[in-house]
Protein chains: 2
Amino acid sequence: MPIDELAKLRLILKNQGHQITKAREATFRLLLHSEPQSLNEILMKADGQVDRVTIYRNIDLFEKLGIAHRIYIGWKYKIELSDEFTGHHHHLSCLRCGKVIDIEDETHIDEFIQDVAKKFGFQPRRHQFEVDGYCQDCQSNE
Amino acid sequence: MPIDELAKLRLILKNQGHQITKAREATFRLLLHSEPQSLNEILMKADGQVDRVTIYRNIDLFEKLGIAHRIYIGWKYKIELSDEFTGHHHHLSCLRCGKVIDIEDETHIDEFIQDVAKKFGFQPRRHQFEVDGYCQDCQSNE
DNA sequence: TCCAATTTGCAACAGAATTGCAATGTTTTT
DNA sequence: AAAAACATTGCAATTCTGTTGCAAATTGGA
């Protein structure tokens with residue numbers, strides 16, 4: 001029984017006092033079940049169904065509501081749905097072919113954050129961890 | 001006896017077949033002994049000594065040669081000289097006051113990267129790790 | 001269904017980064 | 001040390017990315 005992701009979206013919007021609109025659902029669908037995408041890729045896929053500006057605005061809103069967030073891969077950022085929809089994870093991104101591998105083990109990272117936070121009296125809120133390199137396929141013909 | 005950073009720069013440029021120019025040295029000096037800076041901050045500091053475009057181009061070159069690199073803090077990116085000049089490290093950045101704390105212990109992170117890389121046959125080249133949260137001073141009056 | 005409030009799309013704008021090219025500076029060769 | 005060969009710079013113009021103002025359309029609630 002797959003959870004209805006759209007229902008979740010509607011719930012979040014409603015609970016936070018925002019309207020449920022076609023454009024928002026469409027924007028959400030552009031992100032759903034997809035690798036992290038650049039804004040440009042998203043705009044391409046949208047191709048006029050939803051206006052450029054509206055997509056920007058709705059993704060901003062999604063970020064504010066914690067529905068989506070940016071990750072930084074190589075030079076650029078990409079958008080992906082947030083932990084609630086995809087589970088918290090990090091990425092290995094290939095510098096050559098651009099492939100993105102999701103990685104999930106948090107143990108080491110959490111440990112590390114705890115250590116460091118304690119040392120500096122810092123209160124961590126979120127973290128970002130990205131590894132760039134070459135994927136199996138791209139190592140030979142690098 | 002402090003290492004002459006400029007000499008190091010010249011060596012790298014020369015070895016890779018690039019010219020040593022006033023503009024490149026000036027651009028380098030803008031980065032030296034400084035917190036990570038936004039491109040804008042760099043352009044301000046440069047203030048016409050070196051042309052905007054030239055700074056863009058030289059920082060690109062520095063990135064390609066591994067002399068400098070971008071880090072992402074909050075939404076924006078900043079430029080800093082790379083490990084060879086500053087030592088590899090990560091950052092705790094305060095979401096409220098913007099303060100950046102450098103952190104250095106790598107043990108946990110390196111371990112983790114080794115584990116994961118092995119699992120996926122991935123060849124890591126560089127990694128990025130940023131923690132956002134609230135620094136000691138900003139926790140009370142958050 | 002009607003009204004108030006929010007959201008959307010368009011057009012215009014602003015800022016960041018890139019490109020083409022002539023002028024300049026750097027390196028190599030003699 | 002001068003000339004030739006090549007790389008780099010600065011400027012103007014352009015492209016790309018993201019934002020703003022506002023009228024028209026859509027949404028949610030009575």
Side-chain angles (χ1 to χ4, degrees), chain A residues 6-31 36-65 67-80 98, chain B residues 6-7 9-31 36-65 67-80:
Chain A
L6 261 192
K8 222 193 247 179
L9 170 73
R10 294 202 191 97
L11 200 62
I12 298 177
L13 288 173
K14 184 153 216 175
N15 283 344
Q16 314 256 21
H18 297 276
Q19 293 189 174
I20 295 157
T21 68
K22 285 170 125 188
R24 280 177 188 157
E25 296 187 344
T27 307
F28 182 78
R29 255 184 259 103
L30 291 170
L31 300 177
Q37 301 164 86
S38 69
L39 220 355
N40 213 46
E41 291 170 317
I42 296 170
L43 291 172
M44 292 305 202
K45 283 210 310 194
D47 186 37
Q49 295 182 269
V50 187
D51 186 78
R52 244 165 54 78
V53 178
T54 301
I55 290 184
Y56 274 107
R57 287 197 272 227
N58 284 341
I59 288 183
D60 276 1
L61 179 67
F62 289 176
E63 288 175 340
K64 241 173 247 137
L65 300 181
I67 293 167
H69 63 143
R70 307 187 192 193
I71 59 168
Y72 292 96
I73 292 182
W75 299 131
K76 312 266 181 169
Y77 72 82
K78 301 197 174 190
I79 311 281
E80 73 174 355
Chain B
L6 261 192
L9 170 73
R10 295 202 190 95
L11 199 64
I12 298 176
L13 288 173
K14 183 153 218 175
N15 283 345
Q16 314 256 18
H18 298 276
Q19 293 188 175
I20 295 157
T21 68
K22 284 170 127 191
R24 278 177 190 156
E25 296 188 344
T27 307
F28 182 79
R29 255 185 261 103
L30 291 171
L31 301 177
Q37 300 164 89
S38 69
L39 219 355
N40 213 45
E41 290 170 317
I42 297 170
L43 291 172
M44 292 305 202
K45 282 210 308 194
D47 185 39
Q49 294 182 270
V50 188
D51 186 78
R52 248 162 52 77
V53 178
T54 301
I55 290 184
Y56 274 107
R57 288 197 271 227
N58 285 341
I59 288 183
D60 276 0
L61 178 67
F62 288 175
E63 288 174 340
K64 241 175 246 135
L65 300 182
I67 294 168
H69 63 142
R70 305 186 194 194
I71 59 167
Y72 290 94
I73 293 182
W75 295 133
K76 311 268 181 167
Y77 72 82
K78 303 197 170 191
I79 312 280
E80 71 174 357

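If you're wondering where the values come from, they're calculated on a predicted model, not measured in any experiment. What you see below is based on every heavy atom in this structure, not just the backbone, and it leaves out hydrogens, waters and symmetry mates. We name chains A, B, ... by the order of the sequence lines, and we start the count at 1 in each one.
When rounded to the nearest whole Å, the span between CD1 of Ile20(A) and C1' of dT8(C) equals 17 Å. Whole-Å rounding puts the Glu41(A) CD to dT17(D) C1' distance at 15 Å. Distance, Gln49(A) CD to dG9(C) P: 11 Å, rounded to whole Å. Between the CZ atom of Arg70(B) and the P atom of dA16(C) there is a distance of 14 Å, rounded to whole Å. Note: NE2 (His18(A)) to P (dT8(C)) measures 11 Å, nearest angstrom. Straight-line distance from the CG atom of Asn58(A) to the C1' atom of dT8(C): 9 Å, rounded to whole Å. We find that CG of Leu65(B) is positioned 14 Å from C1' of dA7(D), with the value rounded to whole Å.
Each of Val53(B) and Gln19(B) was assigned the nucleotide of DNA chain D with the nearest heavy atom; the assignment lying further toward the 5' end belongs to Gln19(B).
Between Ile12(A) and His18(A) the shortest side-chain heavy-atom distance does not fall below 4.5 Å.
Relative to the side chain of Leu39(B), the nucleotides dG10(D), dT17(D), dA17(C) differ in distance, and dA17(C) lies closest. For Lys22(A), taking side-chain heavy atoms from C-beta onward, the closest of the listed nucleotides dT27(D), dG18(D), dA17(C) is dT27(D). Checked against dT8(C), dG9(C), dT8(D), the side chain of Ala23(A) finds its nearest nucleotide in dT8(C).
Applying the 3.5 Å distance criterion, the base of dG18(D) shares a donor-acceptor pair with the side chain of Arg52(A). Between the side chain of Arg57(A) and the base of dG18(D), no donor-acceptor pair under 3.5 Å is found.
Counting only distance, with no hydrogens or angles, the side chain of Arg10(B) and the backbone of Ile20(B) share no donor-acceptor pair below 3.5 Å.
Defined by atom type and a distance below 3.5 Å, a donor-acceptor pair is present between the side-chain atoms of Gln37(A) and Lys45(A).
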